[in-house]
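Lettering of chains follows the sequences in order, A, B, ..., and the numbering in each one begins at 1.
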2 protein chains.
Amino acid sequence: MTKSETCPEFGRINEVLARVGDRWSVLLVISLARHGVSRFNELKHRLGISQRMLSVTLKALERDGLVLRTHYPVIPPKVEYALSEMGLSFHAAVDALGYWAVDNLEAIDAARAQYDSGRTEEQAD
Amino acid sequence: MTKSETCPEFGRINEVLARVGDRWSVLLVISLARHGVSRFNELKHRLGISQRMLSVTLKALERDGLVLRTHYPVIPPKVEYALSEMGLSFHAAVDALGYWAVDNLEAIDAARAQYDSGRTEEQAD
DNA sequence: CTGTATCCGAGTTGATACTG
DNA sequence: CAGTATCAACTCGGATACAG
């Protein structure tokens with residue numbers, strides 16, 4: 001684990017965020033919050049995620065207690081995924097970040113444009 | 001960019017979050033918020049980050065307008081980094097996530113322990 | 001349908017060395 | 001002190017094939 005002991009100051013927080021803050025986890029949580037209980041292939045399609053990553057991410061999220069898995073012993077198999085209470089609270093925090101992103105999209109683009117134009121002048125050789 | 005078009009449902013937001021939501025960016029913003037204006041090596045030590053990643057992340061953050069860079073033309077060189085207004089607002093959102101992580105550390109550990117113990121029983125062959 | 005196992009290319013990160 | 005360049009190691013994600 002290269003990331004477990006980044007620095008004493010952040011320690012576990014960083015670890016948790018690293019685990020639960022990756023791209024697919026976040027997307028999965030948002031998607032589950034929006035669409036409610038969903039099935040495997042449903043999520044797969046909705047997110048455009050590979051089976052492998054969906055399986056891996058879902059399992060990690062389940063292990064961390066953010067996602068609830070319900071397996072119906074029928075044929076063909078049927079499994080439903082839903083957010084737990086903790087998953088819901090996590091979504092709230094993530095959503096805040098999402099809103100921030102929306103609110104600051106323009107500002108970021110502007111900052112980038114300005115930064116890039118500044119650099120362009122310099123490399124005008 | 002492999003991540004730009006994850007899925008039509010999330011688009012740009014996902015892109016921004018991917019850019020600004022990575023491990024080092026988050027840590028850097030938190031650290032700058034806590035300790036205020038900081039210098040390069042100061043951050044390097046504080047976070048236990050490599051020169052390369054610090055340089056890369058700082059530059060990206062500066063380009064996105066989250067971090068302000070002040071370069072003093074003295075010898076030896078002195079450069080100070082600080083959060084911009086946008087960086088501050090980003091920190092607010094990120095902090096919420098940090099608090100969530102702190103608040104749910106125990107619950108996550110518990111969930112993991114339970115999940116793992118459940119699996120241990122099963123593989124008792 | 002819901003997964004798991006394997007292979008493999010691509011992107012990321014860190015160590016090291018060097019510059020201003 | 002504050003970076004940048006380069007290279008090797010590692011991780012991640014996707015495709016594929018197979019299993020329950």
Side-chain angles (χ1 to χ4, degrees), chain A residues 1-7 14-15 17-28 32 37-63 67-82 115 119 122-123, chain B residues 1-7 10 14-15 18-28 32 37-63 67-82 115 118-119 122-123 125:
Chain A
M1 323 235 149
T2 346
K3 69 272 298 284
S4 13
E5 30 64 75
T6 304
C7 114
N14 178 28
E15 182 192 327
L17 254 27
R19 164 69 280 291
V20 106
D22 71 287
R23 180 156 157 246
W24 292 126
S25 293
V26 169
L27 251 25
L28 229 25
L32 281 174
V37 180
S38 309
R39 298 182 59 177
F40 192 86
N41 275 342
E42 204 174 336
L43 291 166
K44 178 160 170 283
H45 235 131
R46 204 183 289 153
L47 300 184
I49 183 179
S50 68
Q51 281 194 333
R52 196 183 102 89
M53 287 318 294
L54 180 55
S55 178
V56 168
T57 307
L58 238 21
K59 198 186 294 182
L61 250 24
E62 187 198 350
R63 186 172 105 103
V67 160
L68 264 20
R69 195 184 108 124
T70 310
H71 172 242
Y72 299 92
V74 298
I75 294 179
K78 177 179 177 181
V79 180
E80 289 185 338
Y81 293 92
Y115 183 92
R119 291 198 59 82
E122 285 169 33
Q123 39 176 239
Chain B
M1 318 239 149
T2 344
K3 65 275 296 280
S4 14
E5 30 66 74
T6 304
C7 113
F10 303 107
N14 177 29
E15 182 192 328
R19 163 69 279 290
V20 107
D22 71 288
R23 182 158 155 245
W24 292 125
S25 293
V26 168
L27 251 24
L28 230 24
L32 281 174
V37 179
S38 310
R39 299 181 60 176
F40 192 86
N41 276 341
E42 203 173 337
L43 290 166
K44 178 161 169 285
H45 269 117
R46 204 182 290 154
L47 300 184
I49 183 177
S50 67
Q51 283 194 333
R52 198 183 101 85
M53 286 318 293
L54 180 55
S55 178
V56 168
T57 307
L58 237 22
K59 198 184 296 181
L61 251 22
E62 187 198 350
R63 185 171 105 103
V67 161
L68 264 19
R69 196 186 108 122
T70 310
H71 172 241
Y72 299 92
V74 298
I75 294 179
K78 177 178 177 180
V79 180
E80 290 185 336
Y81 293 93
Y115 183 91
R119 291 199 59 82
E122 285 169 31
Q123 32 176 244
D125 47 73

Considering only side-chain heavy atoms of [X], which listed nucleotide, [options], is closest?
| X | options | answer |
| --- | --- | --- |
| B/Gln51 | C/dG3, C/dA17, D/dG20 | C/dA17 |
| B/Arg39 | D/dG20, D/dA2, C/dA5 | D/dA2 |
| A/Asn41 | D/dA5, C/dA17, C/dC1 | C/dC1 |
| B/Arg69 | D/dG20, D/dG14, D/dA2 | D/dA2 |
| A/Arg52 | C/dC1, C/dT6, C/dT13 | C/dT6 |
| A/Ser55 | C/dT4, C/dC1, D/dG3 | C/dT4 |

Spacing between [X] atom [atom1] and [N] atom [atom2], to the nearest angstrom:
| X | N | atom1 | atom2 | answer |
| --- | --- | --- | --- | --- |
| B/Arg19 | C/dG11 | CZ | C1' | 15 Å |
| A/Glu80 | C/dT2 | CD | P | 10 Å |
| B/Leu54 | C/dT12 | CG | C1' | 16 Å |
| B/Lys44 | C/dT16 | NZ | C1' | 12 Å |
| B/Leu47 | C/dT13 | CG | C1' | 15 Å |
| B/His45 | C/dG14 | NE2 | P | 15 Å |
| B/Leu58 | D/dA2 | CG | C1' | 11 Å |
| A/Asp22 | D/dT11 | CG | P | 15 Å |

* To do: Starting from the 5' end of DNA chain C, give me the residue, A/Val56 or A/Pro76, whose nearest nucleotide shows up first.
  => A/Pro76

* Asked: Nearest 0.5 Å, what's the CE-CG distance between A/Met53 and A/Leu58?
  -> 11.0 Å

* Compare all side-chain heavy atoms of B/Phe40 with those of B/Val79 and state whether any distance is below 4.5 angstrom. => no

* Asked: Any side-chain heavy-atom pair from A/Trp24 and A/Val26 closer than 4.5 angstrom?
  ->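 Answer no - side chains too far apart.
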
* Base, sugar-phosphate, or nothing for A/Lys59, non-hydrogen atoms under 4.0 angstrom? -> sugar-phosphate

* Asked: Just checking B/Tyr81: base, sugar-phosphate only, or nothing, at a heavy-atom cut-off of under 4.0 Å?
  ->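 Sugar-phosphate contact only.
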
* Test salt bridge (Lys or Arg N to Asp or Glu O under 4.0 Å) on B/Arg46 and B/Glu42 and set out the steps. => CA-CA 6 Å; B/Arg46 204 182 290 154; B/Glu42 203 173 337; 3.1 Å; yes

* **For the student: nearest non-hydrogen atoms of B/Ser25 and B/Leu61, plus distance** => OG-CD1, 3.7 Å

